**Student:** 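Mind looking over this structure? Questions follow.
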Amino acid sequence: MELKEQIDLNNLPQHIAIIMDGNGRWAKQKGKARVFGHKNGVQSVREVTEAGAELGIKYMTLYAFSTENWNRPKYEVTALMTLLVSTIRKEIATLNKNSIRLKTIGNTEMLPKAAQKELAEAIESTKNNDRMTLILALSYSSKSEIVSAAKKLAQKVKDGQINIEDINEESISNSLHTKDFPDPELMIRTSGETRISNFLLWQLAYAELFFTPVFWPDFRKDHLYEAILNFQNRERRFGLTSEQIDKTGN
Ligand code: FPP
């Protein structure tokens with residue numbers, strides 16, 4: 001049976017987060033420049049977006065550019081930004097055709113003006129789409145997101161809008177860039193690295209983590225299905241025992 005047919009559509013993760021890693025190594029293996037890997041990574045972005053929407057995944061977050069990535073050689077950063085702008089421009093029509101809403105998380109004010117403009121237009125143009133939300137993490141750092149949430153809440157206490165006792169998991173979640181999205185239940189990282197690398201540290205508290213040796217430019221729909229099947233075959237206990245889970249029927 002095909003992998004896709006084995007997926008239980010009643011037990012899908014609502015939100016899948018992906019660390020797209022290994023573009024550079026994929027290119028190097030082929031004797032090409034790193035940027036060649038990023039360019040080929042765009043096809044994988046298309047494939048997972050399409051596969052996710054077809055299955056009925058409601059949210060997908062892709063780690064496209066971390067705060068640390070600004071320290072890469074200037075030409076690589078420029079190439080990534082150019083690729084981002086051209087990809088978004090090319091894909092807006094497809095996003096709309098498939099009713100996919102585009103969103104971003106991260107310090108996007110750090111991006112070049114052209115990229116900010118392209119993103120703002122795409123976000124505006126897709127804002128009423130409701131099949132799936134595609135969230136690009138751009139100039140994103142989870143630690144800095146948590147620091148700014150702490151500052152926002154501290155300021156509210158200082159201004160007398162809330163009391164210290166009002167600071168809880170919910171108010172912290174509501175102060176993060178991801179406040180409008182549910183937490184991911186599944187996080188996939190490609191390329192064999194088994195780290196979280198400053199990605200959604202708070203939001204991944206209970207997520208299942210799936211690591212695959214496949215480099216991002218080789219990642220195809222079947223790899224996504226494999227990760228979802230792996231997720232469905234795990235028992236999510238949220239700190240409870242197996243017996244408790246059996247009783248509650250969760
Ligand atoms: C990680 O591989 C990948 C990135 C830092 C960028 C990902 C970007 C894309 C796939 C293209 C543009 C994306 C969108 C959403 C249009 P790496 O360079 O860290 O690889 P390495 O670990 O092998 O060096």
Side-chain angles (χ1 to χ4, degrees), residues 16-53 57 59-96 98 100-108 110-112 114-123 125-126 132-142 187-200 211-221 223-224:
I16 301 178
I18 307 182
I19 301 181
M20 310 182 284
D21 197 9
N23 293 353
R25 277 163 286 162
W26 181 88
K28 196 173 171 200
Q29 267 187 355
K30 298 187 152 34
K32 305 269 190 180
R34 299 176 51 79
V35 172
F36 182 71
H38 298 317
K39 284 188 179 151
N40 280 275
V42 173
Q43 182 54 31
S44 309
V45 171
R46 280 194 204 102
E47 294 241 349
V48 292
T49 307
E50 195 177 297
I57 304 293
Y59 299 86
M60 197 176 262
T61 299
L62 304 180
Y63 205 0
F65 196 84
S66 70
T67 310
E68 292 78 16
N69 287 153
W70 288 115
N71 298 321
R72 290 197 173 188
K74 192 170 178 293
Y75 69 86
E76 185 174 340
V77 172
T78 308
L80 272 168
M81 291 301 145
T82 309
L83 193 57
L84 181 71
V85 172
S86 65
T87 306
I88 289 170
R89 189 171 297 156
K90 266 191 234 147
E91 302 296 333
I92 285 191
T94 314
L95 292 175
N96 279 325
N98 292 288
I100 296 167
R101 177 171 72 136
L102 188 75
K103 288 280 190 181
T104 59
I105 53 171
N107 296 321
T108 47
M110 303 268 292
L111 298 174
Q116 289 187 44
K117 186 166 170 276
E118 206 62 46
L119 281 165
E121 281 172 20
I123 290 168
S125 148
T126 61
M132 184 175 89
T133 300
L134 177 67
I135 304 150
L136 298 182
L138 290 163
S139 191
Y140 176 81
S141 148
S142 184
M187 195 284 285
I188 302 170
R189 182 171 188 154
T190 60
S191 91
E193 305 291 353
T194 49
R195 294 184 293 276
I196 298 189
S197 299
N198 209 359
F199 185 47
L200 303 174
F211 299 101
T212 167
V214 174
F215 288 143
W216 180 250
D218 285 332
F219 199 86
R220 290 293 171 265
K221 289 184 178 184
H223 296 114
L224 183 76

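A quick note: this is a predicted structure, and the numbers were derived from the prediction, not measured. One-based numbering, in listed order, for ligands and for the atoms of each.
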**Student:** Please state whether S191 comes within less than 4.0 angstrom of ligand 1, counting heavy atoms only.
**Tutor:**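 S191: no contact with ligand 1 (<4.0 Å).
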**Student:** Mind running side-chain hydrogen bond (donor to acceptor under 3.5 Å, both in side chains) on S139 and N107 for me, showing each step along the way?
**Tutor:** CA-CA 5 Å; S139 191; N107 296 321; 5.2 Å; no
**Student:** Please work out which of M81, M20, R72, E193 has its closest non-hydrogen atom nearest to atom 17 (P) of ligand 1.
**Tutor:** R72
**Student:** The test is side-chain hydrogen bond (donor to acceptor under 3.5 Å, both in side chains); show your working for N96 and S125 and say whether it passes.
**Tutor:** CA-CA 8 Å; N96 279 325; S125 148; 3.0 Å; yes
**Student:** Is it the side chain (CB and beyond), the backbone, both or neither of T87 that lies under 4.0 Å from ligand 1, heavy atoms counted?
**Tutor:**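 Only the side chain of T87 comes within reach of ligand 1.
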**Student:** Could you tell me, atom by atom, which parts of ligand 1 come under 4.0 Å of a heavy atom of N69?
**Tutor:**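 By the 4.0 Å cutoff, the relevant atoms are 5 (C).
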**Student:** Can you tell me the protein heavy atom closest to atom 9 (C) of ligand 1 and the distance?
**Tutor:**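 Looking at atom 9 (C) of ligand 1, the protein heavy atom closest to it is N23 ND2, 4.0 Å.
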**Student:** Tell me: protein heavy atom nearest atom 6 (C) of ligand 1, and distance?
**Tutor:**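 Ranked first by proximity to atom 6 (C) of ligand 1 is A64 O, 3.3 Å.
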**Student:** Quick one: NE2 on H38 to CG on L84, what's the gap to the nearest 0.5 Å?
**Tutor:**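 Those atoms lie 12.0 Å apart.
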**Student:** Decide yes or no for N69 and L80: does some side-chain heavy atom of the first lie under 4.5 Å from some side-chain heavy atom of the second?
**Tutor:**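 Contact flag for N69/L80 side chains = no.
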**Student:** Of all the atoms in ligand 1, which lie at a distance below 4.0 Å from a heavy atom belonging to R25?
**Tutor:**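 Those qualifying, in numeric order: 21 (P), 22 (O), 23 (O).
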**Student:** N/O of W26 under 3.5 Å from N/O of ligand 1, yes or no?
**Tutor:**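 The answer is no, given that W26 and ligand 1 share no N or O pair closer than 3.5 Å.
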**Student:** Counting heavy atoms only, which part of W216 comes closer than 4.0 Å to ligand 1: side chain, backbone, both or neither?
**Tutor:** side chain
**Student:** Contact between L134 and T126 at the side-chain level, heavy atoms closer than 4.5 Å - yes or no?
**Tutor:**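 Result no, sub-4.5 Å side-chain heavy-atom pair not found.
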**Student:** On a heavy-atom basis, I'd like to know which of T190, V85, V45 is closest to atom 13 (C) of ligand 1.
**Tutor:**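 It is V45 that holds the nearest heavy atom.
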**Student:** So, regarding G24 and ligand 1 (criterion: nitrogen or oxygen to nitrogen or oxygen, under 3.5 Å), is there a contact or not?
**Tutor:** yes
**Student:** Has ligand 1 got any nitrogen or oxygen that is less than 3.5 angstrom from a nitrogen or oxygen of R34?
**Tutor:**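 It does: an N or O of R34 is found under 3.5 Å from an N or O of ligand 1.
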**Student:** side-chain contact (heavy atoms from CB on, under 4.5 Å) with W216: which of V45, D21, I19?
**Tutor:** V45
**Student:** Is there a donor-acceptor contact under 3.5 Å linking the side chains of S197 and R189?
**Tutor:**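 Yes - a donor-acceptor pair under 3.5 Å links their side chains.
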**Student:** May I ask whether D21 places a heavy atom under 4.0 Å from ligand 1?
**Tutor:** yes
**Student:** Taking only heavy atoms of L136, which atoms of ligand 1 are found under 4.0 Å from at least one of them?
**Tutor:**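 Near L136, the atoms of ligand 1 are 15 (C).
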**Student:** Would you mind telling me if ligand 1 is within reach of the side chain of L62, the backbone, both or neither, using heavy atoms under 4.0 Å?
**Tutor:**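 Near ligand 1, L62 shows nothing, with every heavy atom at 4.0 Å or more.
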**Student:** What residues form a ring-ring contact (aromatic ring centres under 6.0 Å, His included) with Y63, not counting sequence neighbours?
**Tutor:**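 Listed in chain order: Y140, F199.
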**Student:** Within a 6.0 Å radius of atom NZ on K28, are there more than 12 heavy atoms belonging to other residues, nucleotides or ligands?
**Tutor:** no
**Student:** In Å, rounded to the nearest 0.5 Å, how long is the span from CE of M20 to OG of S44?
**Tutor:**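 If I round to the nearest 0.5 Å, the distance is 9.0 Å.
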